[in-house]
Each structure stands twice: as C-alpha cells, then as structure tokens.
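Encoded as structure tokens, the structure appears first; notes follow it.
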Amino acid sequence: MRLYVDSTKCSGCNACRVACSLNLFGETNPKKAALVIEPQFPAPGIYNVKVCTQCGDCAAVCPTEAIKQDAQGAYYVVYEECIMCGACEPVCPEGVMFVRPNLVENTAWKCNLCGDCVAVCGTGALWIAEKEAATA
Amino acid sequence: MNGYGGSILRVNLTKGEVTKEPTPADVARDFIGGRGFGIYFLFKEVPKGADPLGPKNKLIISSGPISGMLVPGGGKCDWTTKAPLTGGYASASMGGHFTAEMRYAGLDSIILEGISPKPVYLFIDDNKIELRDASDLWGKGTFAVEKQFKEKLGEEFQVAVIGPGGENLVPYACINHDYGRQAGRGGVGAVMGSKKVKAIVVHGAKSIPVADKDAYRKAGMALYKACKDAEGFKDWTRYGTTIVVSWCDEVGALPTRNFSAGSFEGGKNIYGPVMREKIVITDKACFGCPSPCGKYSRNKKYNSFVEGPEYETIGMMGSNLGIDDIEAVAQANLLCDELGVDSISTGNVIGWAMECYEKGIFTKADTDGLDLKFGNVEATFALIEKIARREGFGALLAEGVKRAAQKVGKGSEKFAIHVKGMEQSAYATHNATAMLLAYMTCDVGAHHNRAWAITYDLQVGRDKVVPEKVARVIWLQNFRPMFDVLGGCRLQWVELGIDRDLYVPALEAITGIHRTWEDLDKVGERIWNLTRLYWARENEGFGRAWDMPSPRFYEEAPTSGATKGQITKLEDVNKLLDMYYEQRGWTSDGLPKPETIEALGLKAVIG
Amino acid sequence: MPATLRLGASLRILIGGRDEYAVEPGRSVHETLVSLGIKPELVAMVSVNGEMQTKDYVVQEGDAVRLLAVVGGG
C-alpha cells in the first residue's frame with residue numbers, strides 16, 4: 001500500500017500536514033509533517049504536492065537499519081535507532097524524507113502510512129491504495 | 001499556556017523597537033483571542049480621541065486558539081484598529097495562512113504602535129524579529145511584493161502587504177495576503193500605511209501546546225468528518241459563496257445599480273455555475289479548511305490570474321454597477337487586490353458615483369471625462385486606479401461614500417448606502433427587516449458578517465417587525481463573531497450546518513478550559529457591548545442616529561425585480577431599534593445601561 | 001420509481017422536520033416544494049444528481065435531488 005496524490009485537487013489547506021505532525025510527533029506543527037505542498041501562485045495557480053511512494057530507497061541506505069517495513073508495506077523510522085547521519089534524505093526521489101535537527105533533534109522522519117491525512121482531506125486529493133505494479 | 005502561542009509582540013515603530021510580553025492569562029480567559037483580544041487592547045491602550053491615522057492609534061493583529069490547529073477552518077486572523085473610515089471600531093477578518101504561521105512563531109497578537117520615520121517591513125522568523133527597510137517596496141502592488149518575498153524567503157513565509165491604497169491612506173484600504181485574501185473593511189490598510197509599514201512577513205516552526213492531546217485529536221477528527229459528511233459539502237465546495245448569487249437575484253437581495261433594486265436583469269451572466277465554467281481553475285483554501293470557498297481563476301479575457309471573485313465582489317462590482325460580465329468583475333477584483341482597496345467599499349462608492357452621473361449631479365467635467373454610466377467596465381477599472389492613487393476624480397471617491405456625499409450634496413446623501421460611514425456590503429435590504437437591523441446595528445458599520453438573516457426574513461415574513469426577529473439578530477451577533485474570536489471560520493457551521501457543539505470538546509482539549517456555547521455566547525455579548533462602548537467613547541453624541549440605515553430602504557421602493565414596490569416604513573425602522581435596545585439592555589438612545597455593563601463584567605475593563 | 005429529495009442541514013435547521021422525502025417524478029422542483037409545504041424561496045440551491053439546476057427542473061424517475069438553504073451569507 002502507499003499514499004497517492006492528485007495535485008490538481010489540492011486546495012493547499014494544510015490540514016493533512018497538521019494531522020501528519022500530530023500522528024508522527026503528537027504535536028501541532030506542519031513543519032514536522034511528511035508531506036510537502038508547494039503552492040505555485042499567482043501563476044499557474046496550482047499546488048504541487050509531494051508524498052512518499054514507499055519505494056524503500058531510504059531504508060536501503062540506512063546504516064543502522066532504523067527504517068523498517070510494516071505489514072502493509074509502509075517504511076517507518078524507529079526513532080530510537082536513528083543516528084541522524086542524514087544518508088536517507090538525499091536519496092529520496094520525492095523529497096519527503098526529513099532529517100532536520102533544528103526541528104527534531106534526535107530522529108529522521110517520514111510517512112508511515114497512518115492515513116490521517118486522507119481522513120482530513122476535504123477535496124479527495126489524497127488516497128491510499130495498493131502499489132501499482134512496476135512498469136518496464 | 002495551553003492553546004496559545006504564548007506571546008504578544010509589540011512593535012514600536014517610532015523607536016524602531018520590538019518587544020515580546022507573555023499573553024495575559026486573564027485576558028485569554030475573558031476575551032479568548034482574535035477579535036476579543038483586538039477590542040480589549042484597543043479599548044485599554046489607544047487613548048480616547050486618537051487620530052486613526054496618527055501615532056497614538058494601534059493596529060492589533062490577533063490569532064485565536066483554533067488557528068493553525070486540527071480544527072476545520074482555523075485560518076482566520078483579526079485586524080482591529082480605530083477605523084479611519086468611520087472614526088469608530090474596526091475589526092477585519094482575514095483568511096489564509098497568516099494566522100496559523102503567527103502561532104507557530106509563538107505569537108497570539110502583534111501590536112503595531114507609533115509611526116516609523118521611513119517605510120519598513122516587519123520580519124518575523126520564529127525568535128528573530130526585526131524591522132527592515134522597505135523603501136524599495138513602497139509604491140509597489142501587493143502581488144509583486146508578495147512574490148518578491150516568497151522568492152527570497154521561501155513559500156513557508158506568510159506575507160501580509162498593503163498596496164498603493166494603503167500608502168495613500170484611502171480610508172477603505174485593505175491588507176492583502178496569499179494572493180487574494182484580505183483584511184478588507186474599515187481601512188486597516190490605511191492604518192498600516194500611516195505607520196509606514198509596507199508588509200509583515202512571518203514564519204514559525206514552534207508547536208502549539210494543548211491541554212489533552214488525545215481528546216484534541218479525537219475532537220478534531222470528528223469535526224473534519226462532520227464537514228465531509230454534511231449534505232451540502234460537495235456543492236458548497238464546488239461553488240463557494242457564489243452559490244448564493246442566483247438565489248439573491250431571485251429573492252431581491254442582489255444589490256443592483258447602487259442598491260436601487262435587488263434583482264438584476266443581467267444576473268444570470270454572473271451566477272456561480274457560469275463563473276465556475278468560464279474562469280475557475282482550482283479551489284484555494286484557507287488554513288485547515290476541508291470545504292474551500294476560495295476559487296482561483298484564470299481570466300483569459302484579461303490575461304490574468306485572480307482569487308475569486310466571491311459573492312461580495314460579484315455583487316458590488318457586478319450587479320451593483322450594472323456589469324453583467326463575470327470576467328470584467330474578476331478583473332475589477334484583481335485591480336482592487338493589487339492596488340489594496342476593499343472591493344466592497346470600492347464597488348459601493350463607484351455605484352454611488354454612477355448614480356450621481358446618471359442623475360446629472362456629475363458631468364464629464366467632474367469625472368475626468370469618464371462616461372460614468374452604469375455598466376461601463378472601462379470607467380470602473382479607471383476609477384479603481386484613480387481611487388487607490390487619489391488622482392483627479394478618484395480623490396473625492398477615496399473619501400468614502402458618506403464623506404463624498406456630504407461634500408457633493410444635491411440630495412446624493414440620500415443614496416449614499418452606508419451605516420456609520422461604512423459602505424453597505426452586498427445584500428440589498430429592501431423589505432428585509434431582520435437583515436436591515438443586522439446592518440444597522442453591526443459593530444463596524446454596514447457589514448454582513450456579524451449577523452446574516454435574509455433567509456430568516458423569508459421564513460418569518462419579510463415585513464414582520466416582531467421581537468423574535470430582533471432576538472434572532474442579537475443571537476447571531478453574539479454567536480457568529482465568536483468564530484472570529486476563536487480564530488476560525490464560521491462557514492462550516494453556517495453553510496455546512498455541522499453541529500456547533502462539536503467545537504466544544506475541541507476547544508476544551510486545546511485550552512484546558514471547559515466552555516459550552518452558552519458560555520461562548522456570553523463572551524460574544526461581552527465583546528459586542530465593549531465595541532458599542534468604544535463607539536460611544538470616541539464619538540460625541542453617539543446614539544440612535546448612528547444606527548439609521550440609508551433612506552433608500554425606507555423612502556424609495558425598487559421599481560423592478562423581486563422587491564418591486566416594497567419598502568420598510570420609517571416607523572418600523574424605529575420600532576426595530578426600540579426592540580433591539582430593550583433586548584440588549586441598552587437605553588432608548590442605544591447605549592449599554594450601567595447594569596448591563598456590570599452584568600457582563602465590563603466595569604473593570606472600561607475603568 | 002420515485003425520486004429522493006434530501007434537505008441539507010442548513011435548510012433543516014430552518015424548517016425542522018425530516019431530512020429525506022420520497023417524491024413523485026413529473027413535477028417541477030418548485031411545485032414539489034409547495035406540495036410539501038416548504039417555501040420555495042428558502043431554497044438557495046437545487047442540485048440534481050450532482051448538477052446545479054433551477055427550481056423549474058422537472059423531477060425525473062430515480063433522481064437524487066438535494067436542497068440547500070443559505071443561512072450564512074458570504
């Protein structure tokens with residue numbers, strides 16, 4: 001399973017990011033969310049949304065194997081095992097792997113597929129579904 | 001303090017100093033936030049008789065405890081000041097993302113004081129707070145300035161900026177944010193301009209503390225679910241406030257040709273579905289809103305992008321000016337935003353000027369050669385620019401409709417559509433007595449957001465003047481503005497119809513204080529009375545005469561449309577006020593009685 | 001097959017009563033409202049199968065008609 005986004009439906013409200021930070025850290029702080037919304041205004045007038053595809057590239061480079069996979073296929077960070085080396089962040093193809101010591105001192109973070117963002121999204125821009133079969 | 005950023009930021013522009021102080025717990029308890037903080041600080045700190053555009057006036061920008069939280073629509077920011085437009089109380093509500101960002105920077109209110117010797121902007125990046133030179137930004141339009149900041153500082157900085165209208169102290173200048181959201185009414189932009197503050201940019205990365213994390217998450221999720229399950233959710237989200245254009249036209253509430261009628265023969269060209277089809281490209285939400293009323297448009301006819309137009313601008317720049325072209329309305333909207341003038345007041349004052357022209361009070365010799373007939377799109381565009389720059393004929397209109405009509409005379413005062421000097425917003429109130437009373441008694445002047453009661457008029461009987469109607473208006477006035485106190489949006493309740501009790505556990509989990517809606521309505525009543533006392537303190541002889549509507553609604557019946565031949569009698573206007581004052585616990589001249597002041601715990605506040 | 005007519009919460013707040021009615025097709029929305037004792041002018045928006053329609057729309061078999069009132073304004 002993974003999270004999908006249709007950026008054309010996003011209205012930029014950021015409720016997803018609030019719900020995300022609340023799930024990941026128990027805090028109300030969208031700067032600590034695992035989704036990115038890039039507003040492009042005044043032209044062309046769209047929100048470009050980046051979400052985790054659960055590709056696993058981050059887990060592959062993690063030296064302490066702190067990024068593990070759960071039963072539904074989501075990669076999640078075990079906070080206690082992260083050493084903040086920063087190896088995972090640059091390999092993320094979507095730019096949604098975060099190592100930001102100024103925001104969170106002791107761990108990297110990413111989408112764990114909790115689904116709270118989908119629950120609060122009013123425009124249907126986000127949904128969770130099976131990963132599509134890899135195309136050649 | 002749970003549910004709060006924790007600090008009030010004071011910006012002394014005269015000295016160029018910024019200081020932080022803790023948010024006072026007793027004020028948070030009694031006034032909660034947002035518009036409550038605004039009137040509290042205004043009443044306590046701005047001395048009696050202060051010139052709205054002078055150094056003693058303050059501009060008070062406040063968030064509230066649901067701003068930036070997991071609560072639908074927590075994106076509202078209150079801007080309170082002494083109004084240059086009316087000489088009374090101004091509180092403008094601005095949507096977008098500014099209020100949430102303020103809170104993430106730890107700020108509940110920002111108070112601008114004094115006057116800067118040179119143009120500046122206020123830079124806030126968490127604890128780094130500075131006044132910076134804005135000489136190179138002065139004179140620029142709002143979109144250009146916002147774009148410049150976003151490119152330099154990043155998209156996560158939120159920007160509030162004035163345009164030439166604010167710089168030129170137009171008393172209905174607004175503040176722009178997020179390419180199309182405004183603190184629109186009363187002239188808050190002129191106050192910012194008088195202080196030589198071009199912009200405020202804010203970014204924060206702090207978390208907002210809450211009293212009970214689990215209960216907060218549960219209550220927040222329940223609120224989002226209720227919105228998404230609401231019957232009207234899909235339609236409301238598709239059309240936003242433009243849903244009401246066709247209905248207002250049908251029932252005679254769509255202001256037409258300077259409020260001379262309430263139905264417009266070209267109305268169908270500016271209805272919501274027409275706009276959606278023709279120009280809307282995406283929905284654009286305020287912070288945390290699942291049902292975005294903001295529509296973002298690409299206007300091919302004028303090769304431009306604009307947020308909106310929403311209902312108010314369609315009414316004021318469309319039917320009220322006899323313009324039946326949605327793309328022209330959208331372009332007028334863009335010009336107002338870019339130049340930084342309130343599209344409601346601007347549409348109202350241009351409507352008045354057009355009526356003057358058609359009646360021969362103005363000729364081309366007065367209007368800089370503009371053919372100011374109703375429906376003239378190019379003349380409308382030209383006038384918006386002239387008003388914001390105070391050029392030529394625009395200088396007169398830049399006074400606001402009340403003062404302009406006083407200067408011109410010749411009977412034009414009779415069709416200057418305002419209350420207390422604030423131009424009436426886009427609901428025609430012919431034979432709609434509850435809505436008329438709502439405009440008459442609104443605490444900033446003729447604005448619709450405090451109480452809105454046209455549907456109630458239709459249900460009870462439009463011409464009925466009964467205590468129940470008055471009670472309904474008072475209830476709405478106490479309750480609806482509470483969303484502006486909490487730092488959120490009322491539309492989830494008023495339009496989606498979600499159960500307002502769902503907010504109770506959310507607010508309690510956030511702040512740790514249990515408040516029922518009965519308690520909150522009481523806070524609303526306290527604030528309402530304090531704003532009334534402020535008007536009285538600042539204006540010699542303040543009273544009943546200030547609550548009178550434009551004579552258009554009791555002297556002249558429309559000659560066309562759904563309200564053709566309908567009028568409210570002057571006697572009924574007075575009867576409405578009698579009942580209103582009595583139910584409010586005010587004197588027959590409309591001033592809160594000592595026992596009312598006492599019962600609301602306002603004695604200590606007013607000193 | 002009758003059509004269904006649903007009242008949005010905003011309208012229900014105003015007039016009380018039921019939130020769903022089964023109605024006979026073949027009459028306009030306006031006539032249908034009158035027959036149910038609902039003042040047509042209270043209804044600000046008529047949505048039929050997801051599309052905005054006027055009150056002159058003639059209800060067809062199986063239509064899902066949704067009615068909204070405006071209680072808030074802009």
Side-chain angles (χ1 to χ4, degrees), chain B residues 226 229-236 238-248 250-253 268 271-273 276 293 310-315 344 425-427 435 438 448-449 451-462 476 480 489-499 562, chain C residues 2-23 25 27-60 62-74:
Chain B
D229 289 347
E231 191 67 40
F233 176 71
K234 280 204 174 122
D235 307 305
W236 178 256
R238 183 159 174 78
Y239 299 106
T241 60
T242 70
I243 241 180
V244 306
V245 183
S246 56
W247 176 78
C248 284
E250 177 191 337
V251 302
K268 63 179 187 311
Y271 287 175
R276 180 93 212 183
C293 71
E310 44 78 64
Y311 172 75
E312 287 297 324
T313 305
I314 293 176
I344 297 176
S425 62
Y427 295 97
M435 191 65 215
H448 59 282
N449 122 319
W452 189 94
I454 297 180
T455 309
Y456 192 71
D457 276 320
L458 297 176
Q459 187 194 4
V460 177
R462 321 180 53 123
L476 287 168
R480 281 172 53 121
C489 181
R490 65 191 184 280
L491 293 184
Q492 282 74 24
W493 177 77
V494 298
E495 302 301 4
L496 298 182
I498 67 168
D499 183 355
Chain C
T4 58
L5 189 139
R6 286 187 64 81
L7 274 53
S10 51
L11 187 56
R12 228 162 48 237
I13 289 169
L14 270 174
I15 60 174
R18 290 157 59 185
D19 60 356
E20 186 168 319
Y21 297 84
V23 295
R27 285 185 301 181
S28 71
V29 172
H30 193 278
E31 288 169 304
T32 307
L33 288 168
V34 171
S35 75
L36 291 169
I38 299 170
K39 286 184 187 171
E41 67 266 30
L42 293 180
V43 175
M45 183 176 159
V46 179
S47 157
V48 182
N49 309 323
E51 292 294 317
M52 200 163 162
Q53 299 287 355
T54 68
K55 287 167 205 163
D56 297 328
Y57 175 85
V58 177
V59 178
Q60 305 293 309
D63 274 350
V65 181
R66 203 157 55 212
L67 306 173
L68 299 180
V70 178
V71 294

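Keep in mind that the numbers below use all heavy atoms, side chains included, and drop hydrogens, waters and symmetry copies. Just so we're on the same page: letters track the sequence lines, and every chain starts at 1. These numbers were taken from a predicted model, which means no experiment stands behind them.
- Proximity to chain C (any heavy atom under 4.5 Å) is restricted, for B:Ser246, to the side chain, taken from C-beta onward.
- No part of C:Leu11 comes within reach of chain B, as not one of its non-hydrogen atoms sits under 4.5 angstrom from that chain.
- Contact record, C:Arg18 with C:Leu7: O-CD2, 3.6 Å, taken as the closest heavy-atom pair.
- Proximity to chain C (any heavy atom under 4.5 Å) is shown, for B:Ile454, by neither the backbone nor the side chain.
- Heavy-atom distances place both the backbone and the side chain of C:Met52 under 4.5 Å from chain B.
- Partners of C:Glu41 under the salt bridge (charged side-chain N to carboxylate O under 4.0 Å, His left out) rule, at least two apart in sequence or in another chain, do not exist in this structure.
- Aromatic rings from B:Tyr239 and B:Tyr311 are positioned such that their centres are separated by 6.0 Å or more.
- With a 4.5 angstrom heavy-atom cutoff, B:Glu250 touches chain C only via side-chain atoms.
- Contact detail for B:Arg276 and B:Arg238: the closest heavy-atom pair is NH1-O, 2.7 Å.
- For NZ of C:Lys55, the number of neighbouring non-hydrogen atoms (other residues, nucleotides, ligands) closer than 6.0 Å is greater than 12.
- For chain C, the option among B:Ala426, B:Pro273, B:Cys293, B:Ala453 with the highest count of heavy-atom pairs below 4.5 Å is B:Pro273.
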